[in-house]
Amino acid sequence: MKRITTITVSFLAILCMSSCNDFLDTLPDNRTEIDSVEKLQKLLVTGYSSRTFSRYFEYASDNVELFTENNTNTNILIDQNYNWEAITEADNESNVNIWQNYYQMIATANAALQAIEKMGTPAETLPYKGEALCCRAYAHLCLTMIYCLPYDPAKASGYLGVTYMDKPETTLNPKYTRGDLQTTYEKIRKDIEEALPLMNDDAYEVPAYHFNRSAAYALATRFYIYSGQWEKAVETANAVLGSDPAEKLRDWKATSTLEWGNNAREMNYINHTHKCNLLLIPIFSANASLFHPWNASGKRYTHTARIAKQETIRAKRPMGGPYDTGKNDSYNKLYHCIPYIWEDLMTNSAYFPKWPRQWEVVNPVAGTGYNRTTAVALSTNEVLLNRAEAYIHLKDYDKAAKDMDLWSCSVYKVGENGIQHLTRSLIEEVYGNPESDRYIEEYTRELPTSRKPLHPQGFTVDQGTQEYFFQALLYCRRIETLGEGLRWIDIKRFGITIDRFDDTNYVNELNTGYKATVTLPYNDLRRAFQIPAESIKVGLEANPRNNQESPSHPFVNQ
């Protein structure tokens with residue numbers, strides 16, 4: 001019977017830390033055999049990654065910029081992150097901790113799968129086999145999202161993948177290679193498709209904290225979108241959304257009735273009884289401080305008034321409504337739940353209440369402990385917008401508009417103050433008719449807008465209606481995922497160039513004083529985060545991250 005300690009061995013082996021040999025030489029024999037369903041359940045409860053990519057992705061994206069040079073609320077890790085540098089700084093959410101926690105999740109899944117096999121795979125273990133397969137697929141997909149270039153079926157065999165661990169490691173100091181992204185994606189697909197028929201929510205008391213049936217199909221939808229399998233994305237999204245998707249979306253209107261303080265709205269966001277919350281993962285993270293506008297932590301780089309006014313929550317939008325009319329007026333007329341906004345000398349930021357502060361006390365006397373929170377790892381809102389994207393690729397524009405409108409109605413006060421239902425004709429007017437007062441102009445460094453040029457990776461975008469619909473989708477998804485990091489994936493997949501802006505001299509009332517500084521081109525190799533230095537030192541191939549040094553790389557040469 002394979003034992004729990006296999007998790008630790010595999011976990012340390014993939015990192016290849018320098019102390020690995022000493023650890024294995026002195027390993028105490030305190031292992032527990034996984035030989036019952038009860039033990040299997042307990043093992044999988046511990047198997048989810050306690051770190052997430054959200055902070056890294058948000059700070060790398062165009063959702064943040066320099067608030068002011070006078071603001072020193074930052075640290076080296078955030079500076080490296082914001083400037084697209086290799087992240088080497090030690091931190092509770094450091095690069096090595098994120099890498100290690102996703103591989104720990106994989107190792108736990110592998111231990112569970114091996115135990116199920118040794119038990120003879122009785123029927124009562126099948127839901128847990130499905131859960132373990134989803135955990136393994138999810139963690140590997142997250143690793144590709146962080147450390148790999150965007151998937152392109154014509155080029156993926158020439159892009160670095162991640163080491164795919166599909167069994168527990170039992171040898172001392174094994175040698176690993178990363179393989180290519182095409183192979184990694186094939187293995188993720190195999191795990192997901194094997195898992196889907198096994199899912200059964202009856203196995204869990206609180207399904208939202210496990211890979212339940214809807215979460216598994218949501219993961220499949222995300223994967224099929226990322227891998228360009230549009231029909232399959234629609235099929236799996238349908239399995240999540242059912243015949244009445246609106247009934248399963250986040251109820252922002254209800255959230256608005258809760259008190260502003262005492263963590264109430266944030267805790268409501270992660271409520272496991274909400275049908276929109278498909279998978280919740282408790283994590284160690286300072287996101288509750290970093291993405292809360294009333295907290296100065298990390299606010300040297302933030303979602304500033306300039307971004308909000310020109311590109312996101314205060315900008316022109318496809319569903320219409322007032323824009324750039326003063327934050328109190330426009331927000332009250334627009335949103336079911338007003339975003340958190342704060343503007344003073346230390347903080348200039350706008351986010352939705354998503355990250356609750358769940359402080360874990362270690363020493364009550366000293367008042368020390370850990371920053372904890374809970375991530376909504378998968379939601380029906382994401383699934384709906386993923387289905388809308390699939391419809392756009394399939395050129396089924398009426399269905400795409402219907403899905404985006406369902407999402408819009410859950411966020412905006414549609415039917416009030418000039419906010420209209422999203423339809424094909426409205427989207428074509430907003431992006432295709434320069435004579436319309438609703439028209440959204442194309443982005444320039446001098447006059448930024450939400451409509452940024454697209455250089456899609458692995459798929460094509462036709463000029464005209466299809467481009468208009470993708471622009472509407474990208475706006476909706478940017479609002480939906482604000483503060484969660486997934487904007488970074490759209491930036492990678494759609495090949496969106498990022499300009500960094502310095503708002504030190506920005507005048508909100510006049511919308512002047514900002515200046516563009518550095519640029520991350522759509523074909524810049526830094527779009528794949530560098531793997532941890534510890535892994536590079538022991539032989540894992542590093543990501544190329546300098547275009548000048550790799551001019552013939554298929555991602556650069558496009």
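Throughout, numbering of the chain's residues begins at 1 and tracks the sequence.
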Could you check R500 against N83 for side chain to side chain donor-acceptor pair (under 3.5 Å), going step by step and ending with a plain yes or no?
CA-CA 9 Å; R500 289 295 193 213; N83 291 301; 5.9 Å; no
Would you check if I281 and S49 make a side-chain contact, meaning some heavy-atom pair closer than 4.5 Å?
no
Pair N101-S50, side-chain donor/acceptor within less than 3.5 Å:
yes
Are R477 and D490 ion-paired here, with the side-chain N under 4.0 Å from a carboxylate O?
yes
Please determine whether a side-chain nitrogen of the Lys or Arg among R372 and E360 lies less than 4.0 Å from a carboxylate oxygen of the Asp or Glu.
yes
Who passes salt bridge (Lys or Arg N to Asp or Glu O under 4.0 Å) against K399, sequence neighbours left out?
D396
Say whether D502 and T517, considering side chains only, have a donor N or O and an acceptor N or O under 3.5 Å apart.
no
With no hydrogens and no angle check, just 3.5 Å: does a side-chain donor-acceptor pair link T236 and T221?
yes
Within the supplied structure, the quantity of interest is the number of heavy atoms (other residues, nucleotides, ligands) at a distance under 6.0 Å from Q558 CD; does it exceed 12?
yes
Please evaluate residues E65 and Y301 with respect to the criterion side chain to side chain donor-acceptor pair (under 3.5 Å), reporting the C-alpha separation (whole Å), side-chain torsions for both, the decisive distance (0.1 Å), and the verdict.
CA-CA 5 Å; E65 62 193 20; Y301 313 109; over 6 Å; no
Any idea how Y204 and Y128 line up, ring-wise: parallel (<30°), tilted (30 to 60°), or perpendicular (>60°)?
perpendicular
State plainly whether the residues R451 and E467 are in salt-bridge range, i.e. N to O under 4.0 Å.
yes
Hits for ring-ring contact (aromatic ring centres under 6.0 Å, His included) against H553, two or more places apart or cross-chain, chain-then-number order -> Y159
Under 4.0 Å between a side-chain nitrogen and a carboxylate oxygen: does that hold for K232 and E193?
yes
Mind checking salt bridge (Lys or Arg N to Asp or Glu O under 4.0 Å) for K452 and listing every partner two or more places apart, or none if nothing turns up?
D62, E311
Contact check, side chains of W99 and Y147, non-hydrogen atoms, under 4.5 Å
yes
Where the side chain of R300 meets the backbone of N71, is there a donor-acceptor pair that is under 3.5 Å apart?
yes
Side chains of S54 and N287, heavy atoms from C-beta outward: is any pair under 4.5 Å?
yes
Please determine whether side chain to side chain donor-acceptor pair (under 3.5 Å) holds for the pair D79 and T74, giving the CA-CA distance in whole Å, both sets of side-chain angles, and the decisive distance to 0.1 Å.
CA-CA 7 Å; D79 289 342; T74 185; 2.8 Å; yes
Nearest atoms (heavy-atom pairs only) where K299 meets L290
NZ-O, 2.8 Å
Identify the heavy atoms of L196 and A220 that sit nearest to each other, and give their distance.
CD1-CB, 4.2 Å
Holding to salt bridge (Lys or Arg N to Asp or Glu O under 4.0 Å), I want the full list of residues that pass it with E131, two or more places apart in sequence or in another chain.
none
Compare every heavy atom of Q182 with every heavy atom of P153, then report the nearest pair and how far apart it is.
O-OE1, 4.1 Å
Can you tell if the side chain of C135 reaches within under 4.5 Å of the side chain of I106, non-hydrogen atoms only?
no
Taking side chain as C-beta onward, heavy atoms only, is L66 less than 4.5 Å from Y82?
yes
Tell me if the aromatic rings of F470 and H393 count as close, with their centers under 6.0 Å from one another.
yes
Nearest non-hydrogen partners of A388 and A400, listed with the distance:
O-CB, 3.7 Å
Can you name the side-chain hydrogen bond (donor to acceptor under 3.5 Å, both in side chains) partners of Y226, sequence neighbours left out?
none
Indicate whether the side chain of S214 and that of N212 have a donor and an acceptor atom separated by less than 3.5 Å.
no
Ring-ring centroid check F529 Y56, cutoff 6.0 Å:
yes
Within the 6.0 Å centroid threshold, strictly below: H292 and Y351:
no
So, do I479 and F352 sit near enough that their side-chain heavy atoms are less than 4.5 Å apart?
yes
Going by atom types only, do N543 and R178 share a side-chain donor-acceptor pair under 3.5 Å?
yes
Examine the side chains of N386 and R222 and answer whether a donor and an acceptor come within less than 3.5 Å of each other.
no
Any luck finding a side-chain donor-acceptor pair between D499 and T519 under 3.5 Å?
yes
Distance alone, cut at 3.5 Å: any donor-acceptor contact between the side chains of T302 and S349?
yes
Give the minimum heavy-atom separation between Y151 and A156, together with the two atoms involved.
CE1-CB, 3.5 Å
So N381 and E480, side chain to side chain donor-acceptor pair (under 3.5 Å) or not? Walk me through it.
CA-CA 8 Å; N381 290 45; E480 169 63 30; 3.3 Å; yes
F494 and its ring pair (Phe, Tyr, Trp, His ring centres under 6.0 Å) partner, picked from F459, Y522, W488:
F459
Do V383 and Y217 have side-chain heavy atoms sitting under 4.5 Å apart?
no
Between the side chains of T184 and H140, is a donor N or O closer than 3.5 angstrom to an acceptor N or O?
no
Is the W230-Y391 ring centre distance short of 6.0 angstrom?
no
With no hydrogens and no angle check, do the side chains of R387 and N238 hold a donor and an acceptor under 3.5 Å apart?
yes
Quick check: do F53 and I98 have side-chain heavy atoms less than 4.5 Å from each other?
no
According to the salt bridge (Lys or Arg N to Asp or Glu O under 4.0 Å) rule, which pairs have a member within residues 40-61, sequence neighbours left out?
E38-K42, R55-D91, R55-E93
Under 3.5 Å, is there a donor-acceptor pair linking the side chains of Y164 and D191?
yes
Whether the Q358 and T374 side chains hold a donor-acceptor pair (N or O, under 3.5 Å, no angle test) is what I'd like checked.
yes
Heavy atoms only: give me the nearest M165-R136 pair and the separation to one decimal.
O-CD, 3.4 Å
